[in-house]
A.B. asks: 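First, the structure itself, so that you have it in front of you.
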Amino acid sequence: MSTFSAPKGTYDLLPPDSADYLAVREAFSAPLRRSGYGYVETPGFEHTELFSRGVGESTDIVTKEMYTLTTKGGDELALRPEGTASVLRAALQANLHRGALPVKLWYSGSYYRYERPQAGRYRHFSQVGAEALGAEDPALDAELIVLAADAYRSLGLRHVRLLLNSLGDRECRPVYRAALQDFLRGLDLDEDTRRRIELNPLRVLDDKRESVQRQLSGAPMMRDHLCEGCKSYHEQVRELLTAQGVAFEDDPRLVRGLDYYTRTTFEFVHDGLGSQSAVGGGGRYDGLSEMIGGPELPSVGWALGVDRTVLALRAEGVSLELPPATEVFAVPVGEEARRELFTAVTELRRQGVAADFAYGGKGMKNAMKSANRSGARYALVLGDRDLTEGVAQLKNLESGEQRPVPLDRVVTEVCAKLGRT
Ligand code: ATP
Ligand code: MG
């Protein structure tokens, strides 16, 4: 062991488990790539102010969870705690919003939040996200929700539930906000929560404590304050989801952590994860662009958590059917065999076959152990006698069956066996 270990709240992804993470990222992003979303990558840090304005001064992310630093040059930077503000910043900076709308983008990467580490809650974690910028259309909200729901299903997850709500818009939300504040001011709450009533009263609805929840039973609900426009928009999103066979639960208490959400809000939860149950979430954020100095640009997006989705797979006992890391493992005995098989392995790889080689000059027995451990279907063994006979032994590692193949036909034969032509 080295003197160092990964910092608190972080962990390393190592084989073989790391393959699941890659597969989850692939399952999340493949449907996006098929749906007109282009890949975007932004820096791992931004000006702190982008997040304090874009995520919201009153959110947990900005008040408690950001990793901030002052550079030697005096810049105030923050490791990105989420993706939306950065992606919107990048799109505005490149004037993408002046072109055809909506601009549809997807991303995948690391995010950083200074949180209390626990199962499913880390200080460094991984998300795949999607944003559709510059269009107000219930079908766009529905598209994103369907893509996420299908992605979870494609992984074989059966216990992901979709919670859906509308947070209203700049017409009806302020009226509701005031009504909620009036109600909340009359409750018996601690100092911190009282402050929150003034800053971000909707977040109080999201308080997980039983003592708070008990007092909230009579609270006014956004649902009952939606203006006609928001009501009809939300109804259309619901109908479109139903028509695609995507089940959802109306959750009038769902507010989510970010200040910038309007109208459609949703969260995907998994019941096997304890209190860190949210595996992904998102919504419409019609006001965000203006909050960070851009033009009016109604938009919708989501971010799905890779780490928690892997935990959900484990909780459901789903094992992903991943292509084998190695299909053929070459075992040479002696110097000349090494040269011959090294060439064969190179050629197999060039033909698209996953091939590996017994390095380090280990003996036959150890080399065969490596072959078995690699998960390969075939071992390609070449010893002195084989060389004089001009053949290699192709051994099926599942059945143990073995037969000689002429050396100059090894690549063709292996490709044929693996259905590669
Ligand atoms: P939570 O309520 O659990 O704190 P959140 O509302 O802060 O979640 P979002 O900002 O919506 O989460 O991020 C989208 C997804 O990213 C979450 O649904 C979750 O799967 C994942 N995620 C968020 N924070 C963490 C974290 N600290 N560790 C691991 N995954 C996280
Ligand atoms: Mg959080």
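In each ligand, atom 1 is the first atom listed, and ligand 1 is the first ligand listed.
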A.B. asks: Under 6.0 Å between ring centres: does that hold for Phe125 and Tyr112?
C.D. replies: no
A.B. asks: Given Asp169, which partner from the list Arg177, Arg263, Arg284, Lys231 fulfils the salt bridge (charged side-chain N to carboxylate O under 4.0 Å, His left out) test?
C.D. replies: Arg263
A.B. asks: Okay, side chain of Arg253, backbone of Leu205: is any donor-acceptor separation there less than 3.5 Å?
C.D. replies: no
A.B. asks: Which of the numbered atoms in ligand 1 are under 4.0 angstrom from any heavy atom belonging to Gly120?
C.D. replies: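 Listed by number with element: 28 (N), 29 (C), 30 (N).
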A.B. asks: Kindly compute the distance separating CZ (Arg209) from CG (Asp190), expressed to the nearest 0.5 Å.
C.D. replies: 4.5 Å
A.B. asks: Hey, what do you get for CZ (Phe357) to CZ (Phe342), rounding to the nearest 0.5 Å?
C.D. replies: 6.5 Å
A.B. asks: Decide whether the shortest distance between a heavy atom of Arg121 and an atom of ligand 1 is less than 4.0 Å.
C.D. replies: yes
A.B. asks: Taking the minimum heavy-atom distance to atom 31 (C) of ligand 1, which of Phe125, Tyr122, Tyr114 ranks first?
C.D. replies: Phe125
A.B. asks: Once you round to the nearest 0.5 Å, how far does OH of Tyr233 lie from CG of Leu226?
C.D. replies: 13.0 Å
A.B. asks: For atom 16 (O) of ligand 1, which of the options Glu115, His270, Glu267, Gln127 provides the nearest non-hydrogen atom?
C.D. replies: Gln127
A.B. asks: Please report the interatomic distance CZ(Phe51) to CZ(Arg89), rounded to the nearest 0.5 Å.
C.D. replies: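 If we round to the nearest 0.5 Å, Phe51:CZ and Arg89:CZ are 8.5 Å apart.
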A.B. asks: Taking distance alone, with no angle check, do Ile61 and ligand 1 share an N/O pair under 3.5 Å?
C.D. replies: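 There is no such contact.
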A.B. asks: Looking only at distances, can you tell me whether any N or O atom of Ala303, backbone or side chain, sits closer than 3.5 Å to an N or O atom of ligand 1?
C.D. replies: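 No; every N/O pair is 3.5 Å or more apart.
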A.B. asks: Evaluating non-hydrogen atoms only, which member of Arg113, His124, Arg116, Gln118 is closest to atom 10 (O) of ligand 1?
C.D. replies: Arg113
A.B. asks: Answer with side chain, backbone, both or neither: which part of Glu82 has a heavy atom less than 4.0 angstrom from an atom of ligand 1?
C.D. replies: neither
A.B. asks: Is Ala278 in polar range of ligand 1, meaning some N or O pair under 3.5 Å apart?
C.D. replies: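 There is such a contact, yes.
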